Number of protein chains: 2
Amino acid sequence: MESSEKAPVARTPDGVAAKLEQLILDGVLKPGQLLPSERRLCDKLGVSRASLREGLRLLRGKGIIETQQGRGSFVARLLPKYDDSPLMHLFRDHPRTLYDLLEVRALLEGESARLAALRGTSADRVMLKRRYDEMVAYAEGAAPISAERLARFDHAFHLAICEASHNPVLVHTLQGLTDLLLTSVFASLKNLYHRSGPRAQINDQHARLFRAVMEQEPERARQAALDHLHSVDESLREIEAEDERLVRSAMRLDGWE
Amino acid sequence: MESSEKAPVARTPDGVAAKLEQLILDGVLKPGQLLPSERRLCDKLGVSRASLREGLRLLRGKGIIETQQGRGSFVARLLPKYDDSPLMHLFRDHPRTLYDLLEVRALLEGESARLAALRGTSADRVMLKRRYDEMVAYAEGAAPISAERLARFDHAFHLAICEASHNPVLVHTLQGLTDLLLTSVFASLKNLYHRSGPRAQINDQHARLFRAVMEQEPERARQAALDHLHSVDESLREIEAEDERLVRSAMRLDGWE
DNA sequence: GACCAATTACTGGTCAGACCAGTGACCCAA
DNA sequence: TTGGGTCACTGGTCTGACCAGTAATTGGTC
């Protein structure tokens, strides 16, 4: 009865990275401080320089240290953001992927809405109405809006539609993509919820989508879902462009021009 | 006019990591696929093994690849796998799942074909032609046909189309669904390949799909893919109905009615 | 012919040593 | 004082070697 999972053996470079991380966390190595040279660290840790460098490369990838040729490695001043999902890294280094994700989601959400309008039972519609009312109640409530909670209601609404499609494979696939989106680019989405323009548009599109499904109009439902996702896509692109402008003007302030 | 900021010079290992990431996003390296051995990669990329290993270590840190001593490095599955999900265990052997799966696949394959016709480069078309020719050569060969091998060629053909869509999320999603198809409901598909009627139809539809993509006709490609998947769906339903009739008459023979 | 064990040719993991390329302190001459 | 050169560091990269797992092949036994 052995575990079929692999027990990841502790490789030397991983050990090196863990050891140094521990030293930083313990405060032995302070932010901004110069680390001992690679040769000295090899000596101290009893590993070859190749292994040590793989360990350092790992820390550098996580943003924990920074290295300059001819000078040495420093403990980074800013604590790195916590990135976990593999796709998160790909999104960061290859931003286009985010829009690829939205493209696929639009496809699935569209079909999901169509099928929900086509196949949804009255029980499905009761559940959907409940989710929709909850979401609207929160969005229009007097209390200040928390992006996290609104996102949860939003997600629940879309999930209810998907479930009304009565296709478990569709539900599972879409759920996987949505989780990915929420965990990886939540920061950008937050932006969306905090702007009144896009938010009003989203509310309107949700309403149209809701009505189309409730009135069992497959094509209208599909189109409403597509419009919704496409406008999210556009808004995100605008936000991105705006961020870029901000960065550029910050660069001007720093005397780059 | 020099930068006071650090100008991050392109280090070799970072370049290696970026290059491999790009290959994965472009679909050249597919999820679950074994990478070439380190020595071979060194050769191909023109870097030393030490640098290459630092690059690989970076990707491993991000969870993009997984490595096993004595075996090699694999591209990690970026989207959650289906087999672990408790939901999917319920689906297994549940006949309706097959049709749900085909429904979602039709959607994705359709869009994938459309995008392939729209965005595919001439290099994509060269690869696609190669896959298509291989498949046809096997299907029309004199030797008795093995369903497993034909399915593999079939899969490779569809995958080539998907890759030409240049949407990595689409590639990974569709790949996940295909894995599910091959591992859990393959038995049903086998039937299809062994009947000459459906097989001729499949060949014809493959040809139409192939031509539409090669001639860069997005809508025709999409429609061809949809027709293809729908006719597979229909054929399977017919086979199922036939089986049922057989079972029922067997039951009659056994005196059940 | 079927099966099991040893061989072998791979795979990644690690090491030692070499050399190149930046950095900065130091020293000496103009 | 200042300029330039030297030199002793730093990280960056490459080479070749060997260890340690894995898996297919082989060859023998039953």
Side-chain angles (χ1 to χ4, degrees), chain A residues 2-21 23-24 29-77, chain B residues 2-20 23-24 29-30 32-76 148:
Chain A
E2 260 311 305
S3 144
S4 62
E5 270 304 297
K6 289 286 162 200
V9 195
R11 301 285 170 213
T12 310
D14 296 308
V16 168
K19 176 80 180 166
L20 290 176
E21 239 172 312
L23 286 177
I24 292 172
L29 298 172
K30 285 172 276 292
Q33 184 179 342
L34 195 59
L35 264 64
S37 80
E38 295 187 352
R39 272 103 173 162
R40 214 177 300 278
L41 277 176
C42 293
D43 245 29
K44 212 167 292 193
L45 298 177
V47 303
S48 76
R49 204 168 148 225
S51 295
L52 180 96
R53 281 181 57 78
E54 284 191 34
L56 290 179
R57 176 77 52 183
L58 217 43
L59 294 180
R60 237 181 95 191
K62 293 204 229 173
I64 294 175
I65 66 172
E66 284 167 9
T67 304
Q68 288 176 44
Q69 184 176 13
R71 312 247 340 242
S73 293
F74 304 83
V75 180
R77 285 214 155 70
Chain B
E2 256 319 303
S3 128
S4 61
E5 272 296 296
K6 49 190 178 263
V9 197
R11 300 287 171 214
T12 310
D14 296 308
V16 168
K19 176 81 179 164
L20 290 176
L23 287 177
I24 291 173
L29 299 173
K30 293 167 270 296
Q33 183 180 344
L34 195 60
L35 265 63
S37 79
E38 294 187 353
R39 274 109 174 155
R40 214 178 301 277
L41 276 176
C42 293
D43 227 36
K44 212 166 290 192
L45 299 176
V47 303
S48 75
R49 204 167 148 225
S51 296
L52 180 96
R53 281 182 56 80
E54 286 189 34
L56 290 180
R57 175 77 52 184
L58 216 45
L59 293 181
R60 239 180 92 191
K62 297 195 209 174
I64 294 173
I65 65 171
E66 285 166 8
T67 304
Q68 287 177 43
Q69 186 176 20
R71 309 248 342 245
S73 293
F74 304 82
V75 179
E148 278 83 359

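The shown structure was predicted, so the numbers you read here are calculated from the model rather than taken from an experiment. Lettering follows sequence order; numbering is per chain, from 1.
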One pair to check against side-chain contact (heavy atoms from CB on, under 4.5 Å): T67(A) and L56(A). What are the steps and the verdict? CA-CA 9 Å; T67(A) 304; L56(A) 290 179; 5.9 Å; no

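- Residue L52(A) contributes atom CG, which lies 13 Å from atom C1' of dT14(C) at whole-angstrom precision.
- Rounded to an integer number of Å, the gap from CZ of R53(B) to C1' of dT13(D) is 15 Å.
- If you take CG of L34(A) and P of dA25(C), they are 12 Å apart, rounded to a whole angstrom.
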Give me, pair by pair, the N or O atoms of the protein and of nucleotides 7-10 of chain D that are less than 3.5 Å apart, along with how far apart they are.
unit_1	atom_1	unit_2	atom_2	d
dT10(D)	OP1	S37(A)	OG	3.2
dT10(D)	OP1	R40(A)	NH2	3.3
dT10(D)	O2	G70(A)	N	3.4

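- dG12(D) atom C1' lies 18 Å from atom CD of E66(A), rounded to whole Å.
- We find the OG1-NZ distance between T12(A) and K19(A) to be 14.5 Å, quoted to the nearest 0.5 Å.
- Distance CZ (R57(A)) to P (dG11(D)): 13 Å, rounded to an integer number of Å.
- Under the side chain to side chain contact (heavy atoms under 4.5 Å, CB included) criterion, L58(A) pairs with D14(A), A17(A), R57(B), not counting sequence neighbours.
- dC15(C) atom P lies 11 Å from atom CG of L45(A), rounded to whole Å.
- Rounded to the nearest 0.5 angstrom, S73(A) OG and L29(A) CG are separated by 11.0 Å.
- For E66(B), the side chain to side chain donor-acceptor pair (under 3.5 Å) test picks out no residue, with sequence neighbours left out.
- Out of dG12(D), dG12(C), dA16(C), the shortest distance to the side chain of R49(A) is found at dG12(D).
- Taking the charged nitrogens against the carboxylate oxygens, R11(A) and E54(A) have no contact shorter than 4.0 Å, which rules out a salt bridge.
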- prompt: After noting the C-alpha distance and the side-chain angles of K30(A) and V75(A), does the key distance pass the side-chain contact (heavy atoms from CB on, under 4.5 Å) rule?
  reply: CA-CA 7 Å; K30(A) 285 172 276 292; V75(A) 180; over 6 Å; no

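- Rounded to whole Å, the distance from CG on L56(A) to P on dG12(D) is 9 Å.
- Comparing atom distances between the S51(A) side chain and each of dG12(C), dT14(C), dG11(D) picks out dT14(C) as nearest.
- For dT13(D), one of the phosphate oxygens OP1 or OP2 lies less than 4.0 angstrom from a side-chain nitrogen or oxygen of T12(B).
- One atom, CD of E54(B), and another, P of dG12(C), lie 17 Å apart when rounded to the nearest Å.
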